[in-house]
Novice: 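Below is one structure. I have some questions about it.
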Amino acid sequence: MLNYLKRSFGLTNKYIILATPLILFSLLSSLYILFSFRGDLINMLTALVLFIFMLAAFLSGWAYMLRIAVSAPVKDEPNALIKEFPSGVGEYFLPALGFLFNVFVLSILILFVTYFAGMKFIGNIGISSATLTEAFESTTALKAFLMSLSKEQILRLNLWNLLILAATGIEYFLLMFHLPAIVFKCANPFKAFFISLKNLFSKAFLKNVLLYLIIFFSYAFLSILTTVFSLNIVTHFIFTLINFYYLVFIAVLIFEFYYANFVQIGGKFDERV
């Protein structure tokens with residue numbers, strides 16, 4: 001695993017241009033959400049559809065850049081990698097839409113399973129949605145809300161939080177290789193999803209779990225640091241940049257790991273795992 005980390009750091013530093021589409025999409029999408037999600041239901045739905053198209057365009061172009069970075073690196077001019085973004089959009093825009101559809105369907109399924117499992121094994125906390133919404137309006141309201149809960153309610157609330165965290169972690173794990181499978185193996189997003197699951201639960205399962213745990217705990221650690229240092233403007237800006245660098249590194253790491261373990265070896269892409 002250290003070899004993958006070392007190589008991924010090297011590729012991230014060499015192709016730091018990968019951060020450009022990510023930063024631009026983050027800024028533009030934030031502005032779009034701020035100014036577009038207003039008005040009646042029709043306007044909201046139209047804005048949502050356009051945002052999904054924007055997200056698919058970003059994912060398709062960026063994933064294609066990541067594929068080239070780990071499999072066919074541009075040796076002379078690393079920044080020339082940005083020129084491949086439009087080609088990726090043209091080739092993988094529809095598969096990226098399929099990827100987003102798969103994510104939506106899987107999220108709904110996991111949400112239902114989580115809800116019914118929680119109601120069966122944990123039970124209802126006894127808190128209305130209106131009360132919960134009011135509790136997050138301010139720090140004072142949140143403290144008052146927590147103080148009003150009984151020990152049993154606090155225990156159930158913590159168990160629900162753990163259950164939701166576990167369900168979210170499982171979903172992210174199941175989706176970890178979905179995009180790499182699309183750009184490396186099969187442009188059909190539905191077939192690519194099953195190929196990615198085949199790769200995920202292969203003989204390399206323990207390595208895959210280790211990779212995911214590294215990503216999970218490093219992200220948790222960085223999130224804590226970002227929260228702690230977000231009060232100061234300078235440190236907030238610094239950690240914002242660190243977060244962008246981290247996201248690029250993690251994307252490179254996943255694509256590099258997938259390419260090394262499931263693409264370079266064997267004959268046809270999805271025959272030997």
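Below, all heavy atoms of this structure are taken into account, side chains as well, without hydrogens, waters or symmetry copies.
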Novice: Quick check: closest heavy atoms across Ser87 and Tyr64, and the distance to 0.1 Å?
Specialist: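 Between these two residues, the closest heavy atoms are CB-CE2, 3.9 Å.
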Novice: Do Phe9 and Leu253 have side chains that get closer than 4.5 Å, going by heavy atoms?
Specialist: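 In short, these two side chains do not touch, never coming nearer than 4.5 Å.
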Novice: Taking side chain as C-beta onward, heavy atoms only, is Leu24 less than 4.5 Å from Thr20?
Specialist: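 Yes, at least one pair of side-chain atoms sits under 4.5 Å.
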Novice: Measure across Ala192 and Cys186 and return the closest heavy-atom pair with its distance rounded to 0.1 Å.
Specialist: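 Closest pair (atom of Ala192, atom of Cys186, distance): CB-O, 3.4 Å.
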Novice: Go through the side-chain N and O atoms of Glu171 and Ser107 and say whether any donor and acceptor fall under 3.5 Å apart.
Specialist: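 Yes, Ser107 and Glu171 have a side-chain donor paired with an acceptor closer than 3.5 Å.
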Novice: Centroid-to-centroid, Tyr259 to Phe184, below 6.0 Å?
Specialist: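 Yes, ring centres under 6.0 Å apart.
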Novice: State which residues pass side-chain contact (heavy atoms from CB on, under 4.5 Å) with Ile233; sequence neighbours excluded, sorted by chain then number.
Specialist: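 side-chain contact (heavy atoms from CB on, under 4.5 Å) check on Ile233 returns nothing, list empty.
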Novice: Apply the ring-ring contact (aromatic ring centres under 6.0 Å, His included) test between Phe25 and each candidate in Phe58, Phe85, Tyr32; give the one that qualifies.
Specialist: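 Filter result, single survivor: Phe58.
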Novice: Among all residues two or more places apart in sequence or in another chain, which pass the salt bridge (charged side-chain N to carboxylate O under 4.0 Å, His left out) test with Arg156?
Specialist: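 Arg156: salt bridge (charged side-chain N to carboxylate O under 4.0 Å, His left out) contacts with Glu152.
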Novice: Write down the atom of Ser29, the atom of Ser26, and the distance for their closest heavy-atom approach.
Specialist: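 Distance-wise, the nearest heavy atoms are OG-O, 3.2 Å.
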Novice: Given side chains that start at C-beta, do those of Ser60 and Glu91 come closer than 4.5 Å, heavy atoms only?
Specialist: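 Sidechains of Glu91 and Ser60: no contact.
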Novice: Within this structure, what is the CG-OH distance for the pair Leu200 and Tyr212, rounded to the nearest 0.5 Å?
Specialist: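 Those atoms lie 10.5 Å apart.
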Novice: For Phe229 together with His236, are the ring centres under 6.0 Å from each other?
Specialist: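 Distance test on ring centres: not under 6.0 Å, no.
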Novice: Are Leu18 and Tyr15 packed together at the side-chain level, in the sense that at least one heavy-atom pair is separated by less than 4.5 angstrom?
Specialist: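 A side-chain contact exists here, since the closest heavy-atom pair is under 4.5 Å.
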Novice: Please give me the minimum heavy-atom distance between His178 and Pro189, naming the atom from each residue.
Specialist: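 Nearest heavy atoms, His178 then Pro189: CE1-O, 3.0 Å.
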Novice: So, the side chain of Gln153 versus the backbone of Ser150: is there a donor-acceptor pair under 3.5 Å, distance only?
Specialist: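 A pair under 3.5 Å: yes.
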Novice: With side chains defined as the heavy atoms from C-beta onward, is the minimum distance between Phe262 and Asn208 less than 4.5 Å?
Specialist: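 Heavy-atom side-chain distance check passes, below 4.5 Å.
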Novice: Regarding Ser196 and Tyr258, is there a side-chain donor-to-acceptor distance under 3.5 Å anywhere?
Specialist: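 Short answer, no.
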Novice: Linking I/L/V/M/F/W/Y whenever their side-chain heavy atoms sit closer than 4.5 Å, directly or via other members, would Met176 and Leu213 fall into one cluster?
Specialist: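 The answer is yes; both residues are in one hydrophobic cluster.
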Novice: If you group Ile, Leu, Val, Met, Phe, Trp and Tyr by side-chain heavy-atom gaps below 4.5 Å, do Ile82 and Leu28 land in one group?
Specialist: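 In one cluster with Ile82: Leu28, no.
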Novice: Rounded at 0.5 Å granularity, tell me how far CZ in Phe257 sits from CZ in Arg7.
Specialist: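 Rounded to the nearest 0.5 Å, the CZ-CZ separation comes out at 14.0 Å.
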Novice: Rounded to the nearest 0.5 Å, what separates atom CZ in Phe193 from atom CG in Asn188?
Specialist: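 So the gap between those two atoms works out to 13.0 Å.
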Novice: As an exercise, state the distance from CD1 of Ile170 to CG of Leu165, rounded to the nearest 0.5 Å.
Specialist: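 So the gap between those two atoms works out to 10.0 Å.
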Novice: CG/Leu210 to CD1/Ile214 distance, rounded to the nearest 0.5 angstrom?
Specialist: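 Separation between the atoms: 4.0 Å.
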Novice: Working to the nearest 0.5 angstrom, can you tell me the gap between Ile250 CD1 and Asn243 CG?
Specialist: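 If we round to the nearest 0.5 Å, Ile250:CD1 and Asn243:CG are 11.0 Å apart.
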Novice: Indicate the ring-plane relationship of Tyr246 and Phe249, choosing parallel, tilted or perpendicular according to the 30° and 60° boundaries.
Specialist: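 Tilted.
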Novice: State, yes or no, whether a side-chain contact exists between Ile254 and Ile215 at a heavy-atom distance under 4.5 Å.
Specialist: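 Counting from C-beta outward, Ile254 and Ile215 do come under 4.5 Å.
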Novice: Run the side-chain hydrogen bond (donor to acceptor under 3.5 Å, both in side chains) check on Asn13 and Tyr245 step by step: do they pass?
Specialist: CA-CA 9 Å; Asn13 293 331; Tyr245 179 88; 2.6 Å; yes
Novice: Side chains of Arg67 and Tyr92: donor-acceptor distance under 3.5 Å anywhere?
Specialist: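 A donor-acceptor contact under 3.5 Å links the two side chains.
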Novice: Should Phe101 and Phe190 count as side-chain neighbours, where that means a heavy-atom distance under 4.5 Å?
Specialist: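 Yes - at least one pair of side-chain heavy atoms lies under 4.5 Å apart.
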Novice: I need the minimum non-hydrogen distance between Ala69 and Leu11, along with the two atoms involved.
Specialist: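 Minimum heavy-atom contact is O-CD2, 3.6 Å.
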Novice: Compare every heavy atom of Leu197 with every heavy atom of Leu174, then report the nearest pair and how far apart it is.
Specialist: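 Leu174 and Leu197 have their closest heavy atoms at O-CD2, 3.8 Å.
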Novice: Working note: Tyr115 + Met119, criterion side-chain contact (heavy atoms from CB on, under 4.5 Å); need CA distance, chi angles, decisive distance, verdict.
Specialist: CA-CA 6 Å; Tyr115 174 77; Met119 292 300 292; 3.7 Å; yes
Novice: In the structure I gave you, are the side-chain heavy atoms of Phe255 and Val252 within less than 4.5 Å of one another anywhere?
Specialist: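 They are not in side-chain contact.
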